[in-house]
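Proteins get letters first, then strands, A, B, ... in listed order; numbering begins at 1 in each. Because only heavy atoms are used, hydrogens play no part in the values below, and waters and symmetry mates are left out as well, while side chains stay in. Every value quoted in this text rests on a predicted model; they were computed, and no experiment measured them.
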Protein chains: 2
Amino acid sequence: MKWNDLQNEACPVARGLSVIGDRWTMLVLRDCFLGIRRFEQIQERLGITRHVLADRLRKLEAAGVLRREPYQERPVRHEYRLTERGKALYPVLVSVIEWANEHVPPPVESSVTLVSRKTGTPIAPVLTDANTGEEITHRTVMALRPE
Amino acid sequence: MKWNDLQNEACPVARGLSVIGDRWTMLVLRDCFLGIRRFEQIQERLGITRHVLADRLRKLEAAGVLRREPYQERPVRHEYRLTERGKALYPVLVSVIEWANEHVPPPVESSVTLVSRKTGTPIAPVLTDANTGEEITHRTVMALRPE
DNA sequence: GGCATAAGTTCCTTTTCGGAACCTGTCAAT
DNA sequence: ATTGACAGGTTCCGAAAAGGAACTTATGCC
């Protein structure tokens with residue numbers, strides 16, 4: 001199977017990764033969540049080549065994760081903003097942060113933590129079931145594919 | 001910047017993705033969570049080339065996400081199992097599933113849902129703060145990098 | 001001896017990536 | 001009027017990674 005055939009799979013993991021499973025994509029989206037919106041800024045912060053960045057932005061726009069909109073005329077310049085579909089990726093980003101903070105040690109003591117905007121106190125992200133409030137782990141949950 | 005320099009970044013997103021941000025890696029791990037442990041089975045299910053699969057399994061073992069252990073002697077054969085560090089990736093996988101189920105429509109009506117192992121009822125995964133129980137969104141949380 | 005199995009490895013072609021230079025509109029200064 | 005700067009790309013080329021198929025190794029079974 002080729003990577004591009006992935007979007008036609010029944011498995012939601014495969015379909016999700018066909019959009020965000022790419023090498024640079026989630027890093028681009030991280031910058032978008034931080035309020036970075038412009039090509040030049042993203043390119044410089046990430047060190048990604050302009051060629052690849054242009055390609056990723058195109059694909060993310062096509063997937064409805066980002067939208068491209070003008071912020072000035074003469075000359076017309078565009079910036080990239082998260083759509084609702086893009087903002088819905090926040091839990092994925094937070095899960096990666098939480099896992100990396102716990103399991104991929106930083107090179108120096110320089111970790112980044114999540115804090116509440118209101119209180120400024122650290123956040124401890126846990127995935128729970130909205131119905132019961134119980135924590136979701138691989139032991140409590142299973143996948144079901146309707147036939 | 002090259003992809004391989006990513007693991008030395010201060011940002012936990014970059015460090016996390018240096019392990020799991022690869023094209024096939026999360027799909028391999030999906031199979032591991034489903035109990036698939038052997039090279040041949042993973043290769044056939046994913047349609048990944050043997051070459052790339054061998055490489056990914058090596059890297060995942062080196063990262064401490066999978067461990068390789070013999071399940072028979074003569075000839076000695078190994079299988080791959082999730083370590084604790086690997087199992088800790090379950091929230092990432094679930095977040096991707098949830099996002100794809102909501103935002104990346106399946107080609108036919110063939111979605112996969114998550115259900116409780118105990119009760120069999122559907123799960124609604126939400127990322128919450130273990131301290132307060134409140135839902136985590138990009139509006140309620142911000143990243144803090146200690147200087 | 002011949003075949004099957006599991007887990008790779010090797011070889012070769014195709015695709016993607018990294019790096020640098022170039023292009024396009026517009027304004028502002030020389 | 002020419003030159004330079006800025007922003008958002010595009011083009012070109014060599015390098016790295018992925019796709020595809022065949023081959024290897026160790027062992028047991030017929």
Side-chain angles (χ1 to χ4, degrees), chain A residues 1-9 14 17-28 31-32 35-63 66-81, chain B residues 1-9 14 17-29 31-32 35-63 66-82:
Chain A
M1 192 199 314
K2 283 190 183 177
W3 177 257
N4 292 32
D5 303 339
L6 229 54
Q7 57 196 325
N8 297 323
E9 292 284 305
L17 292 176
S18 77
V19 179
I20 59 162
D22 177 83
R23 269 178 151 77
W24 291 103
T25 298
M26 281 307 289
L27 287 170
V28 172
D31 275 10
C32 292
I36 317 292
R37 305 189 217 283
R38 300 193 185 167
F39 189 94
E40 291 288 318
Q41 291 178 297
I42 301 175
Q43 193 271 322
E44 191 173 4
R45 284 170 50 89
L46 261 56
I48 186 177
T49 64
R50 310 172 72 77
H51 184 71
V52 173
L53 177 57
D55 178 74
R56 293 302 180 279
L57 290 172
R58 247 193 311 270
K59 284 177 180 166
L60 285 171
E61 193 195 355
L66 296 179
R67 66 171 187 277
R68 183 164 169 277
E69 58 183 40
Y71 65 89
Q72 69 169 40
E73 310 290 332
R74 287 205 311 283
V76 60
R77 292 285 148 76
H78 298 89
E79 61 182 13
Y80 296 88
R81 288 168 168 270
Chain B
M1 193 198 315
K2 285 191 181 173
W3 178 257
N4 292 29
D5 303 339
L6 230 54
Q7 56 195 326
N8 298 323
E9 292 285 306
L17 292 176
S18 77
V19 179
I20 59 163
D22 177 84
R23 272 177 150 75
W24 291 104
T25 297
M26 282 306 290
L27 288 170
V28 172
L29 293 177
D31 275 10
C32 292
I36 316 291
R37 303 190 217 284
R38 301 192 185 169
F39 190 95
E40 291 288 318
Q41 289 177 297
I42 300 174
Q43 193 273 322
E44 191 172 5
R45 283 171 49 90
L46 261 55
I48 187 177
T49 63
R50 310 173 72 76
H51 185 71
V52 173
L53 177 57
D55 179 73
R56 293 302 178 277
L57 290 172
R58 246 192 312 268
K59 284 175 180 168
L60 285 171
E61 193 196 355
L66 297 179
R67 66 172 187 278
R68 183 166 168 275
E69 57 182 39
Y71 65 88
Q72 69 168 39
E73 309 290 333
R74 286 206 307 285
V76 60
R77 292 285 149 75
H78 297 90
E79 63 183 11
Y80 295 88
R81 286 168 170 269
L82 289 163

>> Can you give me the dot-bracket string for DNA chain C, 5' to 3', counting Watson-Crick and G-U wobble pairs with both distances under 3.5 Å, using [ ] for crossing pairs and | for partners on another strand?
In response: ||||||||||||||||||||||||||||||

What's the [atom1]-[atom2] distance between [X] and [N], to the nearest Å?
{"X": "B/Leu53", "N": "D/dG19", "atom1": "CG", "atom2": "C1'", "result": "14 Å"}
{"X": "A/Ile48", "N": "D/dG8", "atom1": "CD1", "atom2": "P", "result": "15 Å"}
{"X": "A/Gln43", "N": "D/dC6", "atom1": "CD", "atom2": "P", "result": "15 Å"}
{"X": "A/Glu73", "N": "D/dA7", "atom1": "CD", "atom2": "P", "result": "17 Å"}
{"X": "A/Ile36", "N": "D/dA7", "atom1": "CD1", "atom2": "P", "result": "14 Å"}
{"X": "B/Leu27", "N": "D/dA18", "atom1": "CG", "atom2": "P", "result": "14 Å"}

> Is there a donor-acceptor contact under 3.5 Å linking the side chains of B/Arg37 and B/Tyr80?
Replying inline: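 Result is no, nothing qualifies.
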
> Would A/Arg67 and A/Glu69 satisfy salt bridge (Lys or Arg N to Asp or Glu O under 4.0 Å), going step by step from the backbone distance to the final call?
Replying inline: CA-CA 6 Å; A/Arg67 66 171 187 277; A/Glu69 58 183 40; 3.0 Å; yes

> Is any side-chain heavy atom of B/Leu6 less than 4.5 Å from a side-chain heavy atom of A/Leu27?
Replying inline: yes

Closest approach of [X] and [Y], non-hydrogen atoms and distance?
{"X": "B/Leu60", "Y": "B/Leu29", "result": "CD1-CD2, 4.0 Å"}
{"X": "B/Thr25", "Y": "B/Val19", "result": "CG2-O, 3.8 Å"}
{"X": "B/His78", "Y": "B/Pro70", "result": "CD2-N, 3.5 Å"}

> With sequence neighbours left out, what residues match A/Arg45 under side chain to side chain donor-acceptor pair (under 3.5 Å)?
Replying inline: A/Asp31

> Is the distance from OP1 or OP2 of D/dA17 to the nearest side-chain N or O of B/Trp24 less than 4.0 Å?
Replying inline: no

> How does each nucleotide of nucleotides 1-16 of chain C score, in 5' to 3' order, for protein heavy atoms under 4.0 Å: base (B), sugar-phosphate only (S), or none (-)?
Replying inline: ----BBBBBB------

> So, does B/Glu40 use its side chain to make a donor-acceptor pair with the main chain of B/Gln43 at under 3.5 Å?
Replying inline: no

